[in-house]
**Student:** 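Questions regarding the structure given below will be posed in turn.
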Amino acid sequence: MAGVQQAPAAARREREQRGARLELIGLTKVYGDVVAADQVTLDIAPGEFITLLGPSGSGKTTTLMMVAGFVLPTAGQILVNGEDIAFQPPHKRNIGMVFQNYALFPHMTVAENIAFPLKMRKWSREQIRQAVREVLQLVRLPGFEERFPRQLSGGQQQRVALARALVFRPPVLLMDEPLGALDKKLREEMQLEIKHIQESTNTTTIYVTHDQEEALTMSDRIAVMNGGRIEQVGTPRELYEQPVSQFVADFIGESNFLSGRVEPGDGRFFLVTPEGWRVSIPVSDSVQPGDQVSVALRPERIVIGDGSGDNVVEGTIEEIIYVGEATKFRVRLEHGSWLTVKQPSRLETMRWRRGDRVRLSWGTADAVIVRDGSGESA
Ligand code: ADP
């Protein structure tokens, strides 16, 4: 990829030095009786890309603004390489920021926009010229120095905003919904591009979004937020495969949920629903016979038409939703409950019709034990 033109050794040294370790410890913000951020604790490795993901009002922006310095914490610490910056003013923190509405200065050229943070830092004219040229290569806009923001597309403007945030080589970069104003196709391109730039500069990054696909695509780890608290932190794969709560299983991807009481049998565990349906579930130290638990079952893990699997049920297809690469089926089971099934749109999948009676099957390990919706431990 187009990177800053440097001797390899110098580039490597810069990469290694750039990213800071960032620790948020018990970070809390209270507004009247609203706890906007509640004991947020995260240990972010140098160069790591971490995303705060959650619905509107879950505390993502408040958390980010505390790191940026625009919101003072009610309690907690923010350590950058071990130094607490929680009460330093924003301009002293040396943090790069890109926000959806953090617009470029319209009356300044691209070069002047990018030079702005360097002038504030009293860099020399020659240093500024060199840095602007390098960072424009990094964001793949070489030669755009003299353009004005209005002469750029939305994607190009966001690249300039990113260039302005990175030009002073901050050890930490914060981004709040930076792609929110772009259309889907461009968003997807920019997601990868931002990720590559972040990797090539090794800048420790906190990214905020409510878009789960964006979070899965870009992040090393994701912190899922709900009601001001972090529900779960993990790699995209961990969150998708092993969600700890119904909230996480539902927010990241789609899930079926089954609830019932745990019963032992044949050295295995079964979940027995109130309707009397027995479903085999993984044996786990966290559950015991008699416990009331919920399991999440991903729609794509259920197979239609195949009678083999640890669990087999029959039902009637009530609804078929074709979404292009996949087809979703809402299947009503004999005892009145429902399962959503998702299959790749292949010829054999396409032959199913509404009203067809089908067999559904899945493996024991496909059911993941989760905390239920109340947020309490099962
Ligand atoms: P998100 O970024 O996830 O949408 P926010 O951090 O913006 O969430 O908000 C979290 C909660 O804090 C919300 O209930 C919001 O209404 C409240 N909140 C945020 N900022 C303020 C403020 N300045 N004054 C009062 N309440 C606020």
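It should be emphasised that the depicted structure is a prediction, and the values quoted were computed from it without experimental measurement. Counting convention: from 1, in listed order, for ligands and their atoms alike.
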**Student:** Taking atom 26 (N) of ligand 1 as the reference point, report whether a protein heavy atom occurs under 4.0 Å from it.
**Tutor:** yes
**Student:** Of Lys184, Lys60, Arg187, which meets salt bridge (charged side-chain N to carboxylate O under 4.0 Å, His left out) against Asp211?
**Tutor:** Arg187
**Student:** Students should be able to answer this: which protein heavy-atom is nearest to atom 19 (C) of ligand 1, and at what distance?
**Tutor:** Tyr31 CE1, 3.7 Å
**Student:** How far is atom 15 (C) of ligand 1 from the closest protein heavy atom, and which atom is that?
**Tutor:** Val34 CG1, 4.9 Å
**Student:** In the protein, what heavy atom is nearest to atom 8 (O) of ligand 1, and what distance, to one decimal place, separates them?
**Tutor:**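 Among all protein heavy atoms, the one nearest atom 8 (O) of ligand 1 is Gly59 N, 3.1 Å.
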**Student:** Under 4.0 angstrom from ligand 1, any heavy atom of Gly54?
**Tutor:**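 No, Gly54 has no heavy atom closer than 4.0 Å to ligand 1.
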**Student:** Would you mind listing which atoms of ligand 1 come within a distance below 4.0 Å of any non-hydrogen atom of Thr62?
**Tutor:** 5 (P), 6 (O), 9 (O), 19 (C)
**Student:** Inspect the contact between Glu145 and Arg147 and indicate whether a charged nitrogen and a carboxylate oxygen are less than 4.0 angstrom apart.
**Tutor:**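 No, Arg147 and Glu145 are not salt-bridged.
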**Student:** If the plane angle is over 60° it's perpendicular, under 30° parallel, otherwise tilted; pick one for His107 and Phe105.
**Tutor:** tilted
**Student:** Between Phe70 and Phe99, how do the two ring planes meet: parallel, tilted or perpendicular, split at 30° and 60°?
**Tutor:**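 Perpendicular, since the angle between the ring planes exceeds 60°.
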**Student:** Return a yes/no value for Gly57: is any of its N or O atoms, backbone included, closer than 3.5 angstrom to an N or O of ligand 1?
**Tutor:**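 In this structure, Gly57 places an N or O atom under 3.5 Å from an N or O of ligand 1.
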**Student:** Which residue and atom name correspond to the protein heavy atom nearest atom 12 (O) of ligand 1, and how close is it?
**Tutor:** Ala36 CB, 3.1 Å
**Student:** Determine if the distance from atom 21 (C) of ligand 1 to the closest protein heavy atom is below 4.0 Å.
**Tutor:**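 For atom 21 (C) of ligand 1 the answer is yes, since some protein heavy atom falls inside 4.0 Å.
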**Student:** Heavy atoms only: give me the nearest Val368-Pro243 pair and the separation to one decimal.
**Tutor:**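 Residues Val368 and Pro243, closest heavy atoms: CG1-O, 3.8 Å.
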**Student:** Show me the donor-acceptor pairs within less than 3.5 Å that the side chains of residues 344-353 make with the rest of the protein, sequence neighbours left out.
**Tutor:**
residue, atom, partner, partner atom, Å
Ser345, OG, Gly324, O, 2.9
Ser345, OG, Ala326, N, 3.3
Ser345, OG, Ala326, O, 3.2
Ser345, OG, Thr327, N, 3.4
Ser345, OG, Thr327, OG1, 2.9
Arg346, NE, Glu348, OE2, 3.3
Thr349, OG1, Pro344, O, 3.0
Arg353, NH1, Met350, O, 2.9

**Student:** Checking a contact table here: which protein heavy atom is nearest atom 7 (O) of ligand 1, and how many Å away?
**Tutor:**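 I find the closest protein heavy atom is Thr61 CB, 3.9 Å.
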**Student:** For ligand 1, which atoms sit closer than 4.0 Å to a heavy atom of Pro55?
**Tutor:** 3 (O)
**Student:** Using a strict 4.0 Å cut-off to heavy atoms of Ser58, name the atoms of ligand 1 that fall inside it.
**Tutor:**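 Selected atoms, number and element: 1 (P), 3 (O), 8 (O).
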**Student:** Give me each pair satisfying ring-ring contact (aromatic ring centres under 6.0 Å, His included) with a member in residues 260-304, each pair once, sequence neighbours excluded.
**Tutor:** Trp277-His335
**Student:** For the residue pair Arg237 and Tyr240, would you count it as a cation-pi contact if the rule is NZ or CZ under 6.0 angstrom from the ring centre and within 45 degrees of the ring axis?
**Tutor:** no
**Student:** Side chain, backbone, both or neither: which applies to Ala37 and ligand 1 if a contact is any heavy-atom pair less than 4.0 Å apart?
**Tutor:**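 Answer for Ala37: neither.
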**Student:** Assess Arg121 against Phe168: is NZ or CZ under 6.0 Å from the centre of the six-membered ring, and within 45 degrees of the ring's axis?
**Tutor:**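 Yes, Arg121 sits over the ring of Phe168.
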